[in-house]
Amino acid sequence: MTDKKVRVRFAPSPTGGLHLGGVRTVLFNYLFAKKHKGDFVLRIEDTDQTRYVDGAEEYILDCLKWCGLQPDESPVAGGQYAPYRQSERKAIYREYAERLVMQGHAYYAFDTSEELDKNRKEIPNFQYGQAYRDSLRNSLSLPQHEVDALLDAGTPHVIRIKIPADENISFNDMIRGHVSFETNQVDDKVLLKADGMPTYHLAVVVDDYLMKISHAFRGEEWLPSAPVHLLLWDYLGWKADMPQWAHLPLILKPDGHGKLSKRDGARLGFPVYAMTWFDAKTGELTPGFRELGFLPEAFLNLLATLGWNDGTDQEIFTLDELIEKFSIDRVSKAGAKFDFEKAKWFNAEWIKRLNAESLKPKVKATLEEKGITVNNDDYLLTVINLIKDRCVLIPDFYQQAGYFFEQPKEYDLNSVKPKWTDAKTVFFNALITLLNNNEAALEAHDFETQFKALAEEKGLKVGDVMLPFRIMLVGGKFGPHVFDIAALLGKAETISRITKALAEFTA
RNA sequence: GGCCCGUUCGUCUAGGGGUUAGGACGUUAGAUUUUCAUUCUAGAAACAGGGGUUCGAUUCCCCUACGGGCUACCA
């Protein structure tokens, strides 16, 4: 390995929402870059106008921002290798493609898509390569004057790489080790499309070279086209500068088979995108981890451990720890099925770990969404500390904290009414009196003692009035210690809730 | 079909020629919590199959099976 500066890139095409696997690729790139004091660049691969989606690039930037994985160079941040959008680099690619033609490593092809489709349908195992290229319409099979005529006439054409015969191409993948291919099995991929735009194959090689990328991490689905890229690095004369490759394992569907897709999320009820994505064309809204109430810390953590571990039993990592401990050769080779249950566990762990202050803005937002306005931050902080251990996703804070801000709208009457007695009515009325007569009852922390004493005095078992009391304050059978809730609610509010509920219970 | 990659509990994984094959999620059972959750304890649960190599293979090699990816003028 050379000791040149570490530079990695994430190169998405702006075609829609950012998938789990995409974010994991970002994360591994980022971790590797930061660990080695290198640069992380974001390059937008928008060479396919037919698939380009408005707003997708901005969305990707927002995702990276939410995750805290900011690129050092990008279309917005700029950088010394700008532009970072391939559509803005269009002219560059043609030059290299022509150079390859000149050197005999590529050629012009005039076949139409229809003709090729027909061949693919009719000829078993048809591929544009050694076996068939001579019988197709290209600058290898046609006489020179005909090629010139075609070119002069402006006939639509592409430039294809000429894959050599009988060669073995191999390289050392940082994750998989030695990988090899027979060139006879590789087809003559299109390098430059008829519209003048490069395909991924040409663009990725040219840009990785020009942007001085030292390590290239991408999904395993790219492994079969690696020989094309290797050949290009060689033919362009850049072999010595070729990055080290690492092909990341895929993230698979939790059930069934295949790559995880956004459809699976909809089908199985979990997000697949980092953030909610709205498709303006179809009007389709695809939910994201962020909107569902995941913390970025947890999201990154779960992604990091999907296919990577540090060799110890540690599972919870901060970003800084990940940077310190990450190592590409500890990434596993096999694809991983995504498990939403474990994903939620990570989030619950992070909610427990984070202090109330850092949770506050998010909790506040989720409460406000439900129409609850928080005007006392200290009160909210106390509430968060009281309930955060029982929340898995941020929206759970509404269910767990709502009653601290508004009276229960509904009561779990089934748990109360069947067992209601007049003695209980007497007890709660006495409790109101007790509270009214004792200024410091709640604050003094002896409320619990007094409550129990009162129950005995009225001939009731404490257990018989505890649950009704909880339901009066909370509405249901959940929440922290009931006396903590009462203390936080305060005397007036507690009395108000007892009074209101008593009417319902005895109705 | 062809090519490439892969295969340890249901899932994510550790390990690696001789181990009671470890952890986590989930699950089951208990304890704690006069609610629920948390927490704690315990349990069930895995080396795909067949050949080699070896004193000994889950570990190394080969084959098979299975899984996945690619096979576009998409990335």
Side-chain angles (χ1 to χ4, degrees), chain A residues 11-15 45-48 50-51 86 109 111-113 116-117 120 124-128 156-160 173 175-177 179-182 184-187 189-201 203-204 218-227 247 249-250 252-255 257-259 302 305-316 330 332-346 348-349 352 387-392 396 399-400 412 415 452 461-471 474 476-482 485:
Chain A
S13 51
T15 54
E45 310 223 331
D46 55 348
T47 55
D48 184 355
T50 63
R51 294 212 312 157
Q86 291 185 328
D111 320 86
T112 64
S113 303
L116 294 177
D117 285 345
R120 289 192 184 97
N125 292 338
F126 171 84
Q127 56 176 27
Y128 208 123
H157 62 277
V158 301
I159 293 180
R160 286 180 181 272
D173 188 281
I175 293 171
R176 278 148 225 287
V179 181
S180 80
F181 304 83
E182 296 300 328
N184 292 352
Q185 305 291 344
V186 181
D187 57 353
K189 288 279 180 228
V190 169
L191 263 21
L192 202 73
K193 300 185 257 189
D195 64 2
M197 279 288 194
T199 58
Y200 172 81
H201 307 294
V204 75
R218 56 179 12 171
E220 192 189 349
E221 71 268 28
W222 289 110
L223 205 42
S225 53
H247 290 88
L250 264 15
L252 276 11
K253 298 177 197 295
D255 67 336
H257 311 293
K259 269 201 286 195
L302 74 93
T305 53
L306 206 52
W308 172 86
N309 71 82
D310 73 340
T312 74
D313 286 342
Q314 183 173 351
E315 295 206 82
I316 303 295
R330 285 204 62 90
S332 48
K333 298 180 179 74
K337 288 183 182 167
F338 176 64
D339 181 0
F340 190 49
E341 289 307 317
K342 185 126 191 191
K344 285 192 289 191
W345 174 78
F346 274 109
E349 286 300 308
K352 276 182 241 166
I387 62 164
K388 72 194 186 80
D389 283 5
R390 53 190 75 220
C391 295
V392 173
D396 293 346
Q399 147 83 0
Q400 294 294 335
D412 181 359
S415 301
K452 288 176 178 173
K461 274 187 270 180
V462 178
D464 290 340
V465 282
M466 284 286 272
L467 190 63
F469 187 40
R470 164 177 299 281
I471 293 174
V474 173
K477 292 194 278 188
F478 61 92
H481 290 295
V482 71
I485 299 172

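We name chains A, B, ... by the order of the sequence lines, and we start the count at 1 in each one. Atom set for the values below is all heavy atoms of this structure, side chains included, hydrogens, waters and symmetry mates excluded.
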Practice task
State the pairing partner of rA46(B); accept Watson-Crick or G-U wobble contacts with both distances under 3.5 Å, and report none otherwise.
Solution key: none
Practice task
Sticking with atom C1', work out how far rA45(B) lies from rC9(B), rounded to a whole angstrom.
Solution key: 5 Å
Exercise for the section: Using a heavy-atom cut-off of under 4.0 Å over every strand shown, decide if Val179(A) touches base, sugar-phosphate, or nothing. Expected result: sugar-phosphate
Handout entry: Asn184(A) CG to rC4(B) C1', straight-line distance once rounded to whole Å
Key = 15 Å
Problem - Whole-Å P distance, rG6(B) and rC60(B) - result: 12 Å
Practice task
Using atom types as modelled and distance alone, determine if a side-chain donor or acceptor of Gln314(A) lies under 3.5 Å from a backbone N or O of Ile316(A).
Solution key: yes
Handout entry: Whole-Å distance separating the CD atom of Glu182(A) from the P atom of rC5(B)
Key = 11 Å
Practice task
Taking only Lys NZ, Arg NE, NH1 and NH2, and the carboxylate oxygens of Asp or Glu, determine whether Arg51(A) and Asp48(A) approach each other closer than 4.0 Å.
Solution key: yes
Completion exercise
Per-nucleotide protein contact along nucleotides 69-75 of chain B, 5' to 3', at a 4.0 Å heavy-atom cut-off (B base, S sugar-phosphate only, - neither), is BSSSBBB
Practice task
Between rA31(B) and rA37(B), how far apart are the P atoms? Round to whole Å, please.
Solution key: 15 Å
Listing time: all N or O pairs from protein to nucleotides 60-65 of chain B that are below 3.5 Å?
none

Problem - Nearest-angstrom distance from the residue atom CG of Asp313(A) to P of rG22(B) - result: 12 Å
Exercise for the section: Please lay out, stage by stage, how Glu220(A) and Arg176(A) fare under the test salt bridge (charged side-chain N to carboxylate O under 4.0 Å, His left out). Expected result: CA-CA 10 Å; Glu220(A) 192 189 349; Arg176(A) 278 148 225 287; 3.6 Å; yes
Problem - rC47(B) and rG15(B), which share atom name C1', separated by this distance in whole Å - result: 11 Å
Problem - C1' atoms of rA14(B) and rU8(B), separation to the nearest Å - result: 10 Å
Handout entry: Ion pair check, Asp187(A) and Lys189(A), cut-off under 4.0 Å
Key = yes
Exercise for the section: Both distances under 3.5 Å, Watson-Crick or G-U wobble: report the partner of rG67(B), or none. Expected result: rC5(B)
Problem - Rounded distance in Å - CG (Asp339(A)) to P (rG23(B)) - result: 19 Å
Problem - Between His247(A) and Arg218(A), a side-chain donor and acceptor under 3.5 Å - result: yes
Practice task
Assign Thr15(A) to base, sugar-phosphate, or nothing according to its heavy-atom contacts below 4.0 angstrom with the strands shown.
Solution key: nothing
Practice task
Could you tell me the separation between the CH2 atom of Trp345(A) and the P atom of rG23(B), rounded to a whole number of Å?
Solution key: 14 Å
Handout entry: Integer-rounded Å distance: rC12(B) P and Phe340(A) CZ
Key = 17 Å
Practice task
Answer with base, sugar-phosphate or nothing: what part of the nucleic acid does Arg218(A) contact at a heavy-atom distance below 4.0 Å?
Solution key: nothing
Handout entry: Residue mapping more 5' on RNA chain B - nearest nucleotide basis, Ala336(A) or Ser180(A)
Key = Ser180(A)
Fill in the blank from the handout: Paired to rA31(B) by Watson-Crick or G-U wobble criteria (both distances under 3.5 Å) is rU39(B)
Exercise for the section: Using modelled atom types only, decide if a donor and an acceptor are shared between the side chain of Arg160(A) and the backbone of Leu191(A) within a distance under 3.5 Å. Expected result: no
Handout entry: Gap between atom CG of Asp173(A) and atom NZ of Lys333(A) - 0.5 Å precision
Key = 9.5 Å
Fill in the blank from the handout: Residue set satisfying ring pair (Phe, Tyr, Trp, His ring centres under 6.0 Å) with Trp222(A), at least two apart, ordered chain then number -> Tyr200(A)
Practice task
Between rG23(B) and rA72(B), how far apart are the P atoms? Round to whole Å, please.
Solution key: 47 Å
Exercise for the section: Would you give a per-nucleotide map of nucleotides 33-38 of chain B, 5' to 3', where B means the base has a protein non-hydrogen atom under 4.0 Å away, S means only the sugar-phosphate does, and - means neither? Expected result: SBBBBS
Problem - Donor-acceptor under 3.5 Å (Lys193(A) side chain, Thr47(A) main chain) - result: yes
Problem - ring pair (Phe, Tyr, Trp, His ring centres under 6.0 Å) partners for Phe338(A), two or more places apart - result: Phe270(A)
Problem - Between rG52(B) and rA57(B) - C1' atom distance, rounded Å - result: 11 Å
Handout entry: Pair partner, rA21(B) [Watson-Crick or wobble, under 3.5 Å]
Key = none
Problem - Between P of rG15(B) and CG of Asp310(A), the distance in whole Å - result: 10 Å
Handout entry: Distance between P atoms of rU41(B) and rU32(B) (Å, rounded)
Key = 15 Å
Exercise for the section: Could you tell me the separation between the CG atom of Asp412(A) and the NZ atom of Lys477(A), rounded to the nearest 0.5 Å? Expected result: 6.0 Å
Exercise for the section: Output yes when a side-chain donor or acceptor of Asp46(A) lies under 3.5 Å from a complementary backbone atom of Gln86(A), and no otherwise. Expected result: yes
Handout entry: Residue pair Ile485(A) / Arg470(A), side-chain heavy-atom distance below 4.5 Å
Key = yes
Exercise for the section: May I ask you to verify if any side-chain N or O of Asn309(A) is less than 4.0 angstrom from the OP1 or OP2 atom of rA14(B)? Expected result: yes
Handout entry: With sequence neighbours excluded, residues passing side chain to side chain donor-acceptor pair (under 3.5 Å) with Gln399(A)
Key = none
Handout entry: Rounded interatomic separation in angstrom, taking CG from Leu302(A) and C1' from rU13(B)
Key = 15 Å
